[in-house]
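Have a look at the structure below, then the notes.
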Amino acid sequence: MDGGLLEFKERETLFVEVVLPLSLSKNYMYRIPFELNEQVAVGKRVVVQFGKNKIYTALVKSISHAAPEHYQAKYIIDVVDEHPIITAQQLQLWDWMTNYYMCNEGDVMSAALPTGLKLASETIIVRKDDEPIEEVLSDKEQILITALNKQQRLTIDDISALLGQKTVYPIINSLLEKDLIYIAEEVVEKYKPLLKSFVSLSPFYQEEENLKALFDILERAPKQLNALLTYIKLYRTQNMIPKHQLLEESDCGQAAFKTLMDKGIFTVLKRPVSRLKENDDDFILNFELSEAQNTALRGIETEFEQKDVVLLHGVTASGKTQIYIKLIEKAIADGGQVLFLLPEIALTTQIVQRIQRYFGDAIGVYHSKFNNNERVEIWNKVLNGKYRVVLGARSAVFLPFKDLKLIVVDEEHESSYKQQEPSPRYQARDVAVLLGHLHQAKVVLGSATPSIESYFNALNHKYGLVVINERFGGVELPLHEVVSISEETKKKKMVSYFSGKLIDAITLVIEQKEQVILFQNRRGYATILICATCGYAPKCVNCDVSLTYHKTSGKLHCHYCGYHQSSINVCPACGSVHIEQKGFGTERVEEELSLIFPEAKIARLDVDSTRTKNGLTQIISDFQEKKTDILIGTQMVAKGLDFDNVTLIGVINADTLFNYPDFRAFERSYQLLAQVAGRAGRREKQGNVIIQAYDDSHRIIKQVIENKYVEMYNDELVERKLFNYPPFSRLIFINIKHKDQDLLNVAAQRFASTLRGALGKRVLGPEQPLVSRVRNYYIKQVIIKSDKDTSIQKVKSILRDTILQFQTEKDFRAVNIQIDVDPY
DNA sequence: AGCACGCCGACT
DNA sequence: GTCGGCGTGCTC
């Protein structure tokens, strides 16, 4: 501000810093043309050219007068929004996440914005065919509509060529508002199904000899060849091959795939894919809280007077949902908005329908299964305050709340709140606490088995603590029984994986027309195949893991990269035919069980059985409608499912849980077992839980059956203290990756020692991670374990500097470094 | 993320 | 020679 004359104000030269939806280490500056000075504002999207041809919608982060010194800033092409679509608090949140999780701001932006708000130049515009034109159109709009009437679909590049100008976004936006066109990536019309890209081989190459010739042609293009081979392999088992699956499984990049398309070898076809369906249940709308619930509700409200965050520790089926509903009601009555976070899987179940029924139109649901257009719609309805309550998975923390008053994080211990891949690797529960802080909203963390961290915070008065010890409606906690597998084996009472006790119990339950859930935390059929003669075990060609045998496909699968190959009958190492199966998964349990109970209807709930669009909902609703007697599942069955008629829970083999090489293994085991057990007898009937284990006297099993959470917590805390793990320290994992193992070893060693120079014994490693090679990249891990007294800010800034310095060395440029703050 | 640039090996 | 494949660096 130089105190210039007012009339010159509009001639001010302004620059903007924008965030691009790309993983870039810094933000970029653009110049605002005078005529757009007034329209540009922080939080609006602008159209910019980035690089040679690419056009993106970027987000305005700040506006300044200072021209960049070392380069000529490009002009902004256009302003997309009339009003900001991002609030000031969101920008603060993005900033915090970028720093805290040590990622790029563009990563946060990509994660935060639904794709529909990230228009790029290849976006396809389609004419809505049945919409009559009622409004008056401008000349340019008329030209565009005429072209679309002829051609149906145009890209944004096509449109700029057609109109001979780069500024096409306002025209597109205006036509979108007039409802005459839609964006093809977003499926707008309700009855129009979701489109998915499928790949097919051109008819020419489906001829045997042409295909053979093609193999020779592609010999020098391994990526392309691999894509072709993968296509052929997939074609054997499925007749429609989704493009993303082909790209994923063949490790073929977009570029190589595009070359194949350009050569006319592959063609891509968009096809409709069916949607999820919904089902109802009989939830009582006008409920009364029980005495215990009322006490808890009042407890929470009292705690809120002092604390911003309250941990609600209520045993399974204690009716936490009703308490949430009362809290939500109150927040809405106060004119605020509410965010209700749930683990992804729980969103497909009753709790959503219940709350939706209760609050009607004022509620939005936000999770990954929704298409782009629905997500944009939800985004806008949150922004303009039409939605008072949003139920969502972790990404819902990014929505543009205006006056957030309450955040509920249900099942707060759930590890799915932590995003693993891609960056930002954020913990939505922690982000929610920060979000609450930004909005001065209250936060309730709810769980029957709180995470050690949250409970620690509660005991140390950082959070308030409210406990419910009683199940709703006086339903008793299930009866537990532990069965020693070794003893049962001695007594010859084991039939395959099932003890006599479990089989008797299942028989009884089925007779009474009730239902059973069996838990086995491993998918697939056999864990591994192993040659009894020489000990050879088939391994993945891309990763350092043994392959898992899946019987349904008859193949050996890699659970890390999706690679699969046909199974072996003869050992490729020694020629022996004695191939043994070691370990077992849900698939095997299902098969064995159907031999014992041929009459029973059995279903399986795991990643494999729910891969199809409707899979998950179908399995759950079938079980709910009692079409299934026995449900066998991995940890998916533990996550917030609520069935009335389940009276028996069986844990096939608890030992597998305890043996993970992770400091949280016991905590997780407790949570998983307690949550699984909690699925039993949720209404008037008391449930039974049978836990089978070799190590039947394990303290975790004991603590689960005696419902001694606090004892488990205390035991764990001693361990954590002893080995200086969270909550006594903070962890940062640094994964270093490269295709060349030797180079990686040198690089990792060098990186660790440089870092150790600055941070001393806080730096551990480099270590070989559990899986040391994934998708042909070798991995080494360096860990920073920083105690609570050290400033984590300082540690992070040292880490940042070390990485920057490390990457200036030309030998290590290509080494990939990933940071995971607070790993889970 | 995409795109240009430049190096490298295989074929006219 | 030259052409396509593929690794590297840059984009305000």
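Note that the structure is a prediction, hence the values are computed from the model and not measured. A note on names: the letters A, B, ... follow the listed sequences, proteins ahead of strands, and every chain is numbered from 1.
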Tabulate protein N/O versus nucleotide N/O from nucleotides 8-12 of chain B, keeping only pairs under 3.5 Å, one per line.
none

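Rounded to the nearest 0.5 Å, atoms OH (A:Tyr231) and CD1 (A:Ile265) are 12.5 Å apart. Expressed to the nearest 0.5 Å, how far CG of A:Leu218 lies from NZ of A:Lys263 amounts to 5.5 Å.
Remark: A:Lys263 is in phosphate contact with C:dG5, judged by side-chain N or O atoms under 4.0 Å from OP1 or OP2.
Residues of residues 98-112 of chain A that place a heavy atom closer than 4.0 Å to DNA chain C do not occur.
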message: Protein within reach of the bases, or only the backbone? For nucleotides 7-12 of chain C, mark each nucleotide 5' to 3' as B, S or -, using heavy atoms under 4.0 Å.
response: -SS-BB
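Taking the six-membered ring for Trp, A:Tyr30 and A:Tyr75 have ring centres at least 6.0 Å apart.
Distance A:Phe257 CZ to C:dC6 P: 16 Å, rounded to the nearest Å. The nearest whole Å value for the distance from the NZ atom in A:Lys54 to the P atom in B:dA4 is 13 Å. The CD1 atom of A:Ile55 sits 13 Å away from the C1' atom of B:dG2 (whole-angstrom rounding). In this structure, A:Leu260 atom CG and C:dG4 atom C1' are separated by 13 Å, rounded to whole Å. Taking atom CG on A:Asp262 and atom C1' on C:dG4, their separation rounds to 13 Å, with Å as the unit.
Counting only distance, with no hydrogens or angles, the side chain of A:Asn210 and the backbone of A:Phe204 share a donor-acceptor pair below 3.5 Å.
A:Glu421 pairs by the salt bridge (Lys or Arg N to Asp or Glu O under 4.0 Å) definition with A:Arg425, not counting sequence neighbours. Legend: residues meeting ring pair (Phe, Tyr, Trp, His ring centres under 6.0 Å) with A:Phe15, ordered by chain and number and at least two apart, are absent. Remark: A:Asp820 pairs with A:Lys418 by the salt bridge (Lys or Arg N to Asp or Glu O under 4.0 Å) rule, at least two apart or across chains.
No hydrogens or angles considered: nothing links the side chains of A:Asn104 and A:Ser25 as a donor-acceptor pair under 3.5 Å.
With respect to A:Tyr426, the ring-ring contact (aromatic ring centres under 6.0 Å, His included) criterion is satisfied by exactly one of A:Tyr100, A:Phe398, A:Trp94: A:Phe398.
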